[in-house]
Amino acid sequence: MSKHHLDTICVQGGYTPGNGEPRQMPIIQSTTFKYATSEDMGKLFDLEASGYFYSRLQNPTCDMVAKKICQLEGGTAAMLTSSGQAANFFALFNICSCGDHIVASSSIYGGTFNLILTTMKKMGVEATFVSPDCTEAELNAAFKENTKAVFGETIANPALTVLDIERFAKCAHAHGVPLIVDNTFATPVNCRPFQWGADIVTHSTTKYIDGHGVTVGGAIVDSGNFDWMAHAEKFPGLCTPDESYHGIVYAEKFGKEGAFITKCTSQLMRDLGSTQSAQNAFYLNLGLESLHVRMARHCENGQAVAEFLHDHPKVQKVSYCGLPDDPYYERARKYLPHGSCGVVSFELKGGRKAAEAFMKQLKLAAIETHVADARTCCLNPATSTHRQMTDEQLVAAGVPAGLVRISCGLENKADLIADLKQALEAIE
Ligand SMILES: *Cc1c(COP(=O)(O)O)cnc(C)c1O
């Protein structure tokens with residue numbers, strides 16, 4: 001299946017029914033699985049045989065969907081998680097523990113920023129944040145003896161910066177650590193970070209992969225390219241015996257292709273339990289079946305809306321990497337040649353007052369904190385997610401009071417533009 005085009009994998013990847021079996025992916029709604037002998041089950045517990053025993057660790061429906069995402073990204077192994085937050089935490093915590101350090105792009109999702117800056121810090125993992133546009137020298141200077149991973153987002157939510165994946169990957173590798181890329185906004189349809197040297201990819205599947213605002217979920221995919229054993233002193237969790245699994249050395253037993261995901265499943269999922277439900281994985285697969293069709297429309301609408309806003313007299317500034325005067329236009333041509341996503345952000349000239357009048361007037365675009373949905377939605381951070389901040393603090397944080405983020409859905413672009421046009425007219 002993975003030899004097919006992405007479109008075909010979206011529709012048919014991950015599950016191939018045998019003779020007389022269900023055409024649609026079955027939902028295996030079972031916590032547990034039956035075995036004839038204790039010996040059979042013992043082999044599973046020892047990771048001597050592959051199979052299912054408890055859905056906290058693995059479930060067949062979840063695995064089929066993970067397999068499809070794995071094929072889409074061009075990886076060797078993948079797993080689903082209960083949320084995008086869990087995916088990023090597991091991907092990092094699988095190789096970083098107390099006393100370690102992470103280099104992360106400063107332009108990332110707020111939830112991930114908090115996770116790294118506050119919660120992982122409490123676990124003894126420190127981080128250094130660098131601008132996605134930092135110089136080579138600045139990037140190199142961020143590394144320490146105990147650095148274990150580099151983290152960034154292909155297209156950052158909400159800043160819409162584009163990561164120079166190839167440059168970050170080269171630098172990470174020169175320091176003997178993997179690059180983890182959150183590919184949520186681009187999706188594998190528009191960017192496959194492994195092609196540019198990324199080692200691990202994560203997703204909040206809650207966004208475009210689901211695409212209908214139905215399920216919160218996440219995924220982790222391994223490229224199978226990072227040689228853990230070549231840097232064994234940095235990654236004892238993968239390269240020395242796991243006493244909680246009878247002394248298994250993951251990197252030896254499962255190789256470059258399987259070590260990362262096997263450890264993440266059999267150790268972190270077992271102990272921390274942030275599993276996706278089979279029912280949610282089924283919904284996720286329905287979204288995946290049309291991902292390639294939907295992304296093209298999200299991008300078409302995003303581009304049309306960005307161009308319309310760009311030329312509007314009441315708009316101060318538009319951020320969208322598909323606009324030729326956007327600072328990320330050239331980088332996007334390299335990494336996102338078929339389009340980026342449907343999210344556009346723009347600043348209204350009249351600040352807070354203008355944003356309030358504009359938001360009130362919208363008819364089609366709903367006010368939501370969500371993004372990457374079939375239905376267009378809009379958010380003014382100053383009056384919602386960032387409402388505790390003063391106008392001065394908002395400017396310092398890069399989210400001025402007049403900033404609006406619009407996530408273009410799958411509607412007709414003329415209707416979306418007409419809605420924005422009439423709302424802009426309402427601003428005095
Ligand atoms: C939403 C989001 C997350 C968090 O995902 P949840 O599914 O909400 O937990 C992480 N990264 C990015 C880029 C996101 O947009």
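We count ligands from 1, going down the list as the structure has it; atoms in each ligand are counted the same way.
Lys263 contributes atom NZ, which lies 7.5 Å from atom CG of Asp242 (distance to the nearest 0.5 angstrom).
Heavy-atom contacts from other residues, nucleotides or ligands closer than 6.0 Å to NZ of Lys234 number more than 12.
Side-chain contact annotation: Gln12 with His4, donor-acceptor N/O pair under 3.5 Å absent. In this model, a donor atom of one side chain and an acceptor atom of the other lie less than 3.5 Å apart for Thr376 and Glu411.
Aromatic ring pairs are classed by plane angle as parallel below 30°, tilted from 30° to 60° and perpendicular above 60°; the pair Phe93 and Phe89 is parallel. Taking the six-membered ring for Trp and thresholds of 30 and 60 degrees, Phe235 and Trp228 have ring planes more than 60 degrees apart, a perpendicular arrangement.
Less than 4.0 angstrom separates some heavy atom of Gln85 from each of these atoms of ligand 1: 4 (C), 5 (O), 6 (P), 9 (O). Listed by number with element, the atoms of ligand 1 under 4.0 angstrom from any heavy atom of Ser83 are 7 (O), 9 (O). Remark: ligand 1 atoms within the under-4.0 Å shell around heavy atoms of Asn157 are 14 (C), 15 (O). Numbered from 1 in the order shown, with element, the atoms of ligand 1 that lie under 4.0 Å from a heavy atom of Gly84 read 5 (O), 6 (P), 7 (O), 9 (O). Annotation for ligand 1: atoms under 4.0 Å from non-hydrogen atoms of Glu153 are 13 (C). Listed by number with element, the atoms of ligand 1 under 4.0 angstrom from any heavy atom of Thr184 are 12 (C), 13 (C), 15 (O).
Annotation: cation-pi geometry satisfied between Lys207 and Tyr109 (NZ/CZ under 6.0 angstrom from ring centroid, within 45° of ring axis).
With Asp164 as the partner, the side-chain hydrogen bond (donor to acceptor under 3.5 Å, both in side chains) test is satisfied by one option alone out of Tyr335, Trp196, Tyr328: Tyr335.
Under the 4.0 angstrom criterion for non-hydrogen atoms, Gly217 is in contact with ligand 1.
In this structure, the protein non-hydrogen atom closest to atom 5 (O) of ligand 1 is Ser204 OG, 3.0 Å. Among all protein heavy atoms, the one lying closest to atom 12 (C) of ligand 1 is Asp182 OD2, 3.5 Å. Ranking the protein heavy atoms by distance from atom 7 (O) of ligand 1 puts Thr206 OG1, 2.6 Å first. Shortest contact from atom 14 (C) of ligand 1 to any protein heavy atom: Lys207 NZ, 2.9 Å.
Not a single N or O atom of Tyr109, backbone or side chain, sits closer than 3.5 Å to an N or O atom of ligand 1.
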